[in-house]
Number of protein chains: 2
Amino acid sequence: MKDAAWDDLKTVMALVRHGSLAAAGAALRLNYTTVARRIARAEAALGTTLFERLKDGYVPTDAAMLVAAHAGEMEVREHDLMRRLAGRDGTLEGALTITAPQLLIAYVLPAALAQFRGLYPKVDLKVRATNDILDLSRREADLGIRISRTPGDTLTGLRLAEQHSASFASPGWAERIAKDPGAPIDWILYETHDDVPKAAREAYPSSRVQYRFDDMIAMAGAAQAGLGVVRMPMFLGRSLPGLMQVPLLPPQPYMDVWMVAHPDVWPGAKVRAFRDVLKADMKTRRALFVA
Amino acid sequence: MKDAAWDDLKTVMALVRHGSLAAAGAALRLNYTTVARRIARAEAALGTTLFERLKDGYVPTDAAMLVAAHAGEMEVREHDLMRRLAGRDGTLEGALTITAPQLLIAYVLPAALAQFRGLYPKVDLKVRATNDILDLSRREADLGIRISRTPGDTLTGLRLAEQHSASFASPGWAERIAKDPGAPIDWILYETHDDVPKAAREAYPSSRVQYRFDDMIAMAGAAQAGLGVVRMPMFLGRSLPGLMQVPLLPPQPYMDVWMVAHPDVWPGAKVRAFRDVLKADMKTRRALFVA
DNA sequence: GGTTATACATGCGATAACGCATGCATGAAG
DNA sequence: CTTCATGCATGCGTTATCGCATGTATAACC
């Protein structure tokens, strides 16, 4: 048993994590046959069976779990290294990955992205629109824009904007509410909310929950289609065509918009450049976010 | 900058450690051209210059030092993994590396080695004779035999024998000392010792230092050739032809013989088998080591 | 001044690693 | 019962990687 090939250890880890040759191969950007071959190599090198080949796939043995655990620790060190290299990198070229909620990318960021692109054409800007929070420690992205109350404990952050939320609906609903405030009002709620906001229920007792969604884009679409009233951030209601603010809810504070990055990565030239552009851009847009 | 190839990180580390392409290649068992190519790949992947190509070789940049440091931490994890795999391995086949001082291997271990070989023919036994202490944590060897006072803090150990040392010389010297105890006596000292052992100086005031060596095999050879008297472990003086114990020094306690291994590796089947064989063998040889 | 050793660059042929296409087994869905 | 999707094995042609041989530059030594 000599020195193990590190890339093979990584491959064992990927297979343990992802469960199938194909999934592991996709994660490693390799053909799954290559994964199978590397597993075979690793088993030969380590002198141990790492996976049992069953009809429905590769099942890791204890030894494979041990390998995967250690490879995971190696990976932590690799990510640490990558962050530090990115943080000390002074060039304004190469890849820069940012992540943000879909709706911010769609309705708020385009101007800043275009400006950044013009200023730093050599930077390969990759934008990952996702509502899942990517792991900035693992360098799934260099810089994140998040809607939350704090930047998070391990991340360095900068508050880009305070936000308010309000109630929005189609013009038809706005008219109806103005004419007859006592008529039934249909609400579309985000799934985590139990009930219509208390202020609305008190002022408009005829409020009723009609739909529960798990996705804000879908909710906004439903509101545009006239299915009901949605509480959403000011910027979103104002940005979407076919929606108007309705007076059911007084504007109230919402989670702020933060720009965050891992402290290792924060001082990198590309991250710094993007920060500066976005910070200045957002300064001009503050009115969009508050009542 | 995407995921780095771990083997390339390892290669950067090897080049930083060993200083030249050729030395790094030797350490990795690769041709040095391959090392050069991997460095180039790593630089492309990381988007950084890692080494400056000067007339007299590759000089690492700060970035390379950073990479090397992190790769070193990855390597610690790898060695940890290898030890654990070895420790849980129940097979009695494959590689087993032991290390011991040259003189023990030459004059004490052969019987045990032969017996082990007969009992476990499928084990690839590699014996590394060295006076440097190999790093058992880094798996330079699985099991070590050492002459020391303790097994060391991080290692598990078993005392194989207590030892005495005494003074030995050629038959000519033995005769001379017996005839005329007052005549000048030439000593061959190990370089770390300042002077003739105090007991000998007091009993034989005509003792004088004639040579200082840094190698016990050479000293023994010189003693066999009649150049003088050497203080050495009993087992050695008794094992070497052409040497006799001389009464200049009363036998005195010497460092013990230990068998040591990293606790992770200790329970491995091959290590355990070797331990048992050697332990039993050494039990029959205890008289060789003490006065 | 010529010889030797070290350290690297470069080009070429050999080899090992890889991707792709095909085929088989299994289980779920229509 | 058929169809489709998932998961893997195997064989083949391609690509990338590697080792080797050769050449250059520099420094050390006699």
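All chains are named by letter (A, B, ...) in the order of the sequence lines, taking the proteins before the strands, and each is independently numbered beginning at 1. Just so it is clear, the model here is predicted, and its values are computed rather than measured.
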Look only at the side chain of B/Arg212 and the backbone of B/Asp194, and say whether a donor-acceptor pair between them is shorter than 3.5 Å.
yes
Pairing residues for B/Pro101 by the side-chain contact (heavy atoms from CB on, under 4.5 Å) criterion, not counting sequence neighbours:
B/Leu104, B/Asn131, B/Ile147
Pairwise 5' ranking along DNA chain C for A/Thr34 and B/Arg53, keeping only the more 5' one:
B/Arg53
Enumerate the residue pairs fulfilling salt bridge (charged side-chain N to carboxylate O under 4.0 Å, His left out) with a member in residues 56-73 of chain A, sequence neighbours excluded, ordered by first and then second residue.
A/Glu73-B/Arg77
Using a 3.5 Å distance criterion without hydrogens, assess whether the side chain of A/His193 forms a donor-acceptor pair with backbone atoms of A/Asp195.
no
What residues 10-20 of chain A contributes to the DNA chain D interface at heavy-atom separation below 4.0 Å is A/Ser20
Using a cut-off of under 3.5 Å, enumerate the N/O to N/O pairs linking the protein to nucleotides 22-25 of chain D.
none

Hey, is the side chain of A/Tyr58 poking within less than 4.0 Å of OP1 or OP2 on D/dT6, counting only N and O atoms?
no
N/O (side chain, B/Asn31) to phosphate O (OP1/OP2, D/dC20) under 4.0 Å
yes
With rounding to the nearest 0.5 Å, note down the distance linking CD1 in B/Ile217 to CE in B/Met219.
12.0 Å
D/dT10 phosphate, OP1 or OP2, under 4.0 Å from A/Arg37 side-chain N/O
no
Mind telling me whether B/Phe213 and B/Tyr211 have parallel, tilted or perpendicular rings, with 30° and 60° as the class edges?
perpendicular
How long is the line joining CG of B/Leu54 and P of D/dA27, in whole Å?
12 Å
Residues which pass salt bridge (charged side-chain N to carboxylate O under 4.0 Å, His left out) with A/Glu140, listed by chain and number, not counting sequence neighbours
none
Keeping the roles fixed (side chain from B/Thr61, backbone from B/Thr49), state whether a donor-acceptor pair exists under 3.5 Å.
yes
Span of DNA chain C, from the first to the last nucleotide whose atoms fall under 4.0 Å of chain B heavy atoms
C/dA7 to C/dT10
